[in-house]
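First comes the structure, then the notes that go with it.
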Amino acid sequence: MPPTLASLVQHSALRLAVLSGQDRLDTPVRWAHASELADPTPYLEGGELLLVTALKLDVTDAAAMRGYVRKLAGRGVVGLGFAAGVNYDRVPEALLDACREADLPLLEVPRSTPFIAISKAVSAAIATEQYRAVTAGFDAQREMTRAALSQEGPAALLAKLASEVDGWAALYDAAGAVVATAPAWAGRRAARFVGDAERLRDRPAPASAVVSGPEAGDDRVELQSVGSGRRAKAVLAVGTAAPLGTAQRYAVHSAIALLTLTTERSRALQEAEQRLGAAVMRMLLTGEGEHARAVAGQLYGGLLDAPMRVVVAVPDGGAAGRARGTGEAGEVRPPAVMAVTGTGEGTPVAPPEGTAENLTGVLDGLADAVETAAARNGEAVLVVPDGTRLVVLAADGGSAVAACAQYAAACAEAAGAETAGMGPDSVQGGGHGGCGAEESLVVGVSAPVGLPAVTVAFKQAGQALSVARRRGVPLVEHEDVAAGSVLPLLADDAVRAFADGLLRALREHDANGRGDLVASLRAWLSRHGQWDAAAADLGVHRHTLRYRMRRVEEILGRSLDDPDVRMELWLALKATS
């Protein structure tokens with residue numbers, strides 16, 4: 001324990017006598033300081049034992065002494081030591097009465113006890129307490145290290161930490177969800193601070209916050225970010241009845257360091273896992289599924305043994321971003337890989353030079369969302385940052401694919417709110433982390449496939465991505481590609497250019513007032529070549545319509561009996577309508 005007035009009084013070499021404030025001797029003493037100033041309070045911090053000889057004090061003036069003692073008590077001075085036999089043989093009555101009135105402990109210091117002896121005693125006691133706290137902190141660190149290395153991992157570490165601080169502890173994941181608590185009864189209490197954990201997670205690490213007041217009940221709750229990156233990997237909460245002492249503070253810092261080690265892997269291990277993930281992905285995309293399974297071993301759990309989906313995501317950052325991000329829908333190229341296991345760990349490879357920050361940021365956010373969802377549910381997932389594109393291999397029906405859909409929808413909603421002039425914060429819940437104005441995503445999801453068909457799934461994801469862009473929606477699954485119309489797929493400059501070129505001669509013919517060939521062709525095709533029905537739609541005789549169709553054939557140099565020609569003409573009409 002830190003030194004107190006009682007421990008100083010009990011110190012046999014000091015021979016201090018208590019004259020007032022006997023009921024307040026358990027107050028801790030932060031320091032012993034001698035001052036003869038009439039008002040030393042500007043130079044004090046509180047917690048001091050003030051030592052005086054009354055050289056410059058009017059100790060016979062009762063009013064002056066009451067004012068002097070009130071100032072000392074108001075500043076937080078814990079006691080007053082008066083040197084008897086120096087300027088006064090004993091403590092003056094005016095000073096004694098003022099101390100009794102303010103209930104301020106007054107200690108009589110005999111002439112044989114120099115002030116420096118009292119200062120040394122306080123200093124030695126403080127040093128002893130600090131050494132004891134450091135030693136206890138190291139002991140706690142050893143115990144928590146053993147706990148962290150046990151099968152229970154973070155749960156056992158939290159149990160030891162809660163015991164050390166005589167309170168409770170909770171661990172939140174990157175999404176703010178409670179992962180573990182100790183003791184068991186602290187679960188409900190930890191749930192109160194999910195919002196505080198989420199806010200702390202979004203601040204640059206390292207970050208901390210203290211919560212007290214009605215929402216914390218009788219606790220003082222301290223939250224600390226966990227992780228070494230720009231974003232917290234987790235948040236640690238510690239609830240105690242009083243502020244943390246030195247030994248308890250050491251225990252909390254040790255817990256943070258150990259939790260960081262359990263959530264952050266060494267750079268060499270990360271690089272090795274990235275290379276292994278890159279090899280596995282290349283094998284999968286070249287149809288060598290069994291070789292990929294052999295190389296991966298148990299790293300991805302049962303991911304390669306169950307139905308899986310391939311997800312391809314790119315930022316919807318305008319035409320330039322689309323040109324850089326998508327490539328050909330079916331293109332298969334070996335990407336740079338970030339491998340993520342069920343623990344949710346991994347580090348993305350830096351994007352190529354020239355990549356806009358607003359395009360990579362939203363992909364980082366998506367990767368975080370996928371990792372968090374997979375880690376929370378104990379799923380294995382392979383995340384592939386490939387320049388301005390993100391490729392994910394995830395279990396069918398798992399939380400990782402659902403997290404992709406939720407994140408893309410939240411980004412689209414945030415971008416829509418910004419476009420409407422409301423700002424991204426107006427979206428309910430503030431949008432999703434990483435989403436902002438001009439940072440929406442387009443995501444394509446393959447159908448569920450087995451290990452031998454991952455290459456096909458990758459092509460399906462690219463095709464679904466293209467359809468999502470055509471339809472103007474954030475995400476399309478390959479199963480839904482056939483559910484819509486093919487016509488939105490014609491909204492492309494190249495398709496429109498082809499259609500304009502195909503129909504240009506007919507439009508020029510009509511523009512010169514020599515007939516209505518384009519409208520006649522549209523009516524005839526819409527009626528599947530039925531002359532009477534098409535002529536009735538146009539309000540002309542069927543022979544007139546036959547004549548116009550012969551003119552169409554002559555001008556285009558193509559036969560309308562060819563089904564391919566009829567198909568191209570119909571699509572050209574739809575693309576330019």
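For this chain, numbers begin at 1 and follow the sequence in order.
Electrostatic pairing of R30 and E48 does not count as a salt bridge here, judged by no charged N lying under 4.0 Å from a carboxylate O.
Listed by first and then second residue, the salt bridge (Lys or Arg N to Asp or Glu O under 4.0 Å) pairs involving residues 32-42 are D39-K71 (not counting sequence neighbours). Residue pairs meeting the salt bridge (Lys or Arg N to Asp or Glu O under 4.0 Å) criterion with at least one member in residues 90-106, sequence neighbours excluded, do not occur. Under the side-chain hydrogen bond (donor to acceptor under 3.5 Å, both in side chains) criterion, the residue pairs touching residues 9-28 are R15-S112, with sequence neighbours excluded. Judged as a salt bridge (Lys or Arg N to Asp or Glu O under 4.0 Å), the pairs with a partner in residues 166-180 (not counting sequence neighbours) are, in order, D173-R376. The side-chain hydrogen bond (donor to acceptor under 3.5 Å, both in side chains) pairs that include a residue from residues 54-64 are D58-T60, where partners are two or more places apart or lie in different chains.
Heavy-atom minimum distance, L57 versus M65: CB-CE, 4.3 Å.
Listed by chain and number, the residues in a side-chain contact (heavy atoms from CB on, under 4.5 Å) with A400 are V370, E379, V381, A394 (sequence neighbours excluded). Partners of R66 under the salt bridge (Lys or Arg N to Asp or Glu O under 4.0 Å) rule, at least two apart in sequence or in another chain, do not exist in this structure. With sequence neighbours left out, E222 forms a side-chain contact (heavy atoms from CB on, under 4.5 Å) with V210, R220, Q224, L244, R249. The side-chain contact (heavy atoms from CB on, under 4.5 Å) search around L223 returns D196, A197, L200, V211, V221, V235, A237, not counting sequence neighbours. By the side-chain contact (heavy atoms from CB on, under 4.5 Å) test, Y43 is found to be paired with L37, residues two or more places apart in sequence or in another chain being considered.
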List, one per line, each side-chain donor-acceptor pair under 3.5 Å for residues 120-128, sequence neighbours excluded.
{"unit_1": "T128", "atom_1": "OG1", "unit_2": "A124", "atom_2": "O", "d": "2.8"}

For residues 177-188, which side-chain donor-acceptor pairs fall under 3.5 Å, sequence neighbours excluded?
none

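The backbone N or O of A373 sits less than 3.5 Å from a side-chain atom of S399, completing a donor-acceptor pair. The backbone N or O of P42 sits nowhere less than 3.5 Å from a side-chain atom of R75 that would complete a donor-acceptor pair. The backbone N or O of S7 lies less than 3.5 Å from a partner atom in the side chain of T4, making a donor-acceptor pair. In this structure, the side chain of R111 engages the main chain of G85 through a donor-acceptor pair within 3.5 Å.
When the options L258, L171, L236, V226 are evaluated for a side chain to side chain contact (heavy atoms under 4.5 Å, CB included) with P154, the one that passes is L171.
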